[in-house]
Amino acid sequence: MAGETILTVVGNLVDDPELKYTPAGAPVAKFRIASTPRIYDRQSDQWTDGEALFLTCSVWRQAAENVAESLMRGTRVLVRGRLKQRNYEDRDSIKRTVYELDVDEVGPSLRNATATVTKTHRANEQQQAPPPAAGARNTEQPIAQPAPQYNDQPPF
């Protein structure tokens with residue numbers, strides 16, 4: 001959508017992703033990331049941690065299930081999504097504002113880690129995958145379940 005604020009954030013998962021389902025059955029995973037800049041202090045000739053940014057993220061549908069299965073607390077991730085602002089009143093009638101990220105893409109950072117990618121299949125896709133390229137490892141495991149029907153009702 002035009003006018004949305006798109007962000008890419010690199011950080012560490014603060015908690016394990018929490019997978020829930022809407023009343024209509026749509027999976028949604030929530031997780032928080034912390035992104036801490038490193039700042040060079042010329043006087044002390046050392047790197048120090050700057051002020052950490054904590055951001056709550058939500059990811060939907062198949063990606064939500066993939067995130068919940070693949071990522072855990074402490075994992076360094078790259079997250080790309082749309083920044084959303086939400087206003088509410090707390091129990092003491094104080095107006096609050098929170099910023100959250102509706103995630104479009106998420107993955108582990110390979111800066112200091114390795115990952116093995118396993119592609120998931122939708123039920124309406126052809127179940128037989130093409131043969132792997134010469135020298136490639138075939139780690140795909142087709143899923144034989146029908147895809148559930150989703151709508152975008154909030155789970156919380």
Side-chain angles (χ1 to χ4, degrees), residues 1-42 46-125 139-156:
M1 201 182 284
E4 290 184 314
T5 303
I6 306 295
L7 290 181
T8 301
V9 181
V10 179
N12 296 328
L13 264 64
V14 175
D15 301 307
D16 289 336
E18 180 183 354
L19 181 64
K20 291 187 177 184
Y21 293 86
T22 66
V28 59
K30 286 193 130 184
F31 57 93
R32 289 185 31 199
I33 61 171
S35 180
T36 307
R38 298 284 291 165
I39 301 167
Y40 183 71
D41 183 355
R42 292 179 191 229
Q46 293 181 358
W47 288 93
T48 59
D49 286 339
E51 189 72 29
L53 167 70
F54 290 89
L55 198 55
T56 300
C57 303
S58 297
V59 61
W60 290 80
R61 299 180 189 76
Q62 183 65 50
E65 293 176 335
N66 295 345
V67 163
E69 185 176 319
S70 304
L71 303 176
M72 65 181 114
R73 179 183 178 192
T75 304
R76 186 170 179 83
V77 294
L78 291 90
V79 179
R80 181 180 181 277
R82 292 161 278 125
L83 186 65
K84 301 290 182 178
Q85 175 180 317
R86 188 168 49 89
N87 300 310
Y88 69 97
E89 242 180 66
D90 67 9
R91 293 179 184 165
D92 299 326
S93 298
I94 298 173
K95 293 183 180 183
R96 304 272 184 186
T97 301
V98 294
Y99 296 95
E100 299 172 327
L101 199 62
D102 282 344
V103 175
D104 296 319
E105 297 287 338
V106 59
S109 169
L110 300 180
R111 181 179 190 183
N112 297 315
T114 61
T116 302
V117 177
T118 304
K119 184 176 179 184
T120 58
H121 295 280
R122 295 182 186 173
N124 59 355
E125 289 180 354
T139 59
E140 295 184 9
Q141 307 228 350
I143 298 174
Q145 305 173 11
Q149 299 296 318
Y150 306 125
N151 71 20
D152 289 337
Q153 296 295 321
F156 307 101

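- Note: D15 CG to K30 NZ = 12.5 Å, rounded to the nearest 0.5 Å.
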Practice item. Under the side chain to side chain contact (heavy atoms under 4.5 Å, CB included) rule, what do E65 and L19 come out as? Steps first, then yes or no, please. Key: CA-CA 7 Å; E65 293 176 335; L19 181 64; 4.3 Å; yes
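- Counting non-hydrogen atoms of other residues, nucleotides and ligands closer than 6.0 Å to CD of E51 gives a total of 12 or fewer.
- Screening L101, V59, L71, D16 for a side-chain contact (heavy atoms from CB on, under 4.5 Å) involving F31 leaves a single residue, V59.
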Exercise for review: Would you check, one step at a time, whether the test side chain to side chain contact (heavy atoms under 4.5 Å, CB included) holds for R80 with D104?
Suggested key: CA-CA 6 Å; R80 181 180 181 277; D104 296 319; 4.0 Å; yes
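- For the residue pair A29 and A64, the shortest heavy atom distance occurs at N-CB, 3.4 Å.
- What you find for V9 and S35 is that their closest heavy atoms are CG1-CB, 3.9 Å.
- V77 and V79 make their closest contact through CG2-CG2, 3.8 Å (heavy atoms, listed as atom of the first residue, atom of the second, distance).
- Shown here for G50 and I39, the closest heavy-atom pair between the two residues is CA-CD1, 3.6 Å.
- The distance from the CG atom of D49 to the OG1 atom of T36 is 6.0 Å, given to the nearest 0.5 Å.
- Using a distance-only test at 3.5 Å, with no hydrogens or angles considered, a donor-acceptor pair links the side chain of D90 to the main chain of D92.
- Looking at R32, R86, K84, R82 one by one, the single match for salt bridge (charged side-chain N to carboxylate O under 4.0 Å, His left out) with E100 turns out to be R86.
- At a threshold of 4.5 Å between non-hydrogen side-chain atoms, the residues Y99 and L53 do not count as touching.
- Looking only at atom types and distance, the side chain of T97 has a donor-acceptor partner in the side chain of N87 under 3.5 Å away.
- The heavy-atom pair separating S109 from L78 by the smallest distance is CA-CD1, 3.4 Å.
- Within 6.0 Å of atom CZ in R38, more than 12 heavy atoms from other residues, nucleotides or ligands are found, so the atom counts as buried in its surroundings.
- Pairing each heavy atom of V10 with each of R76, the nearest pair is CG1-NH2, 3.5 Å.
- Atom OH of residue Y40 and atom CD of residue Q46 lie 9.0 Å apart, to the nearest 0.5 angstrom.
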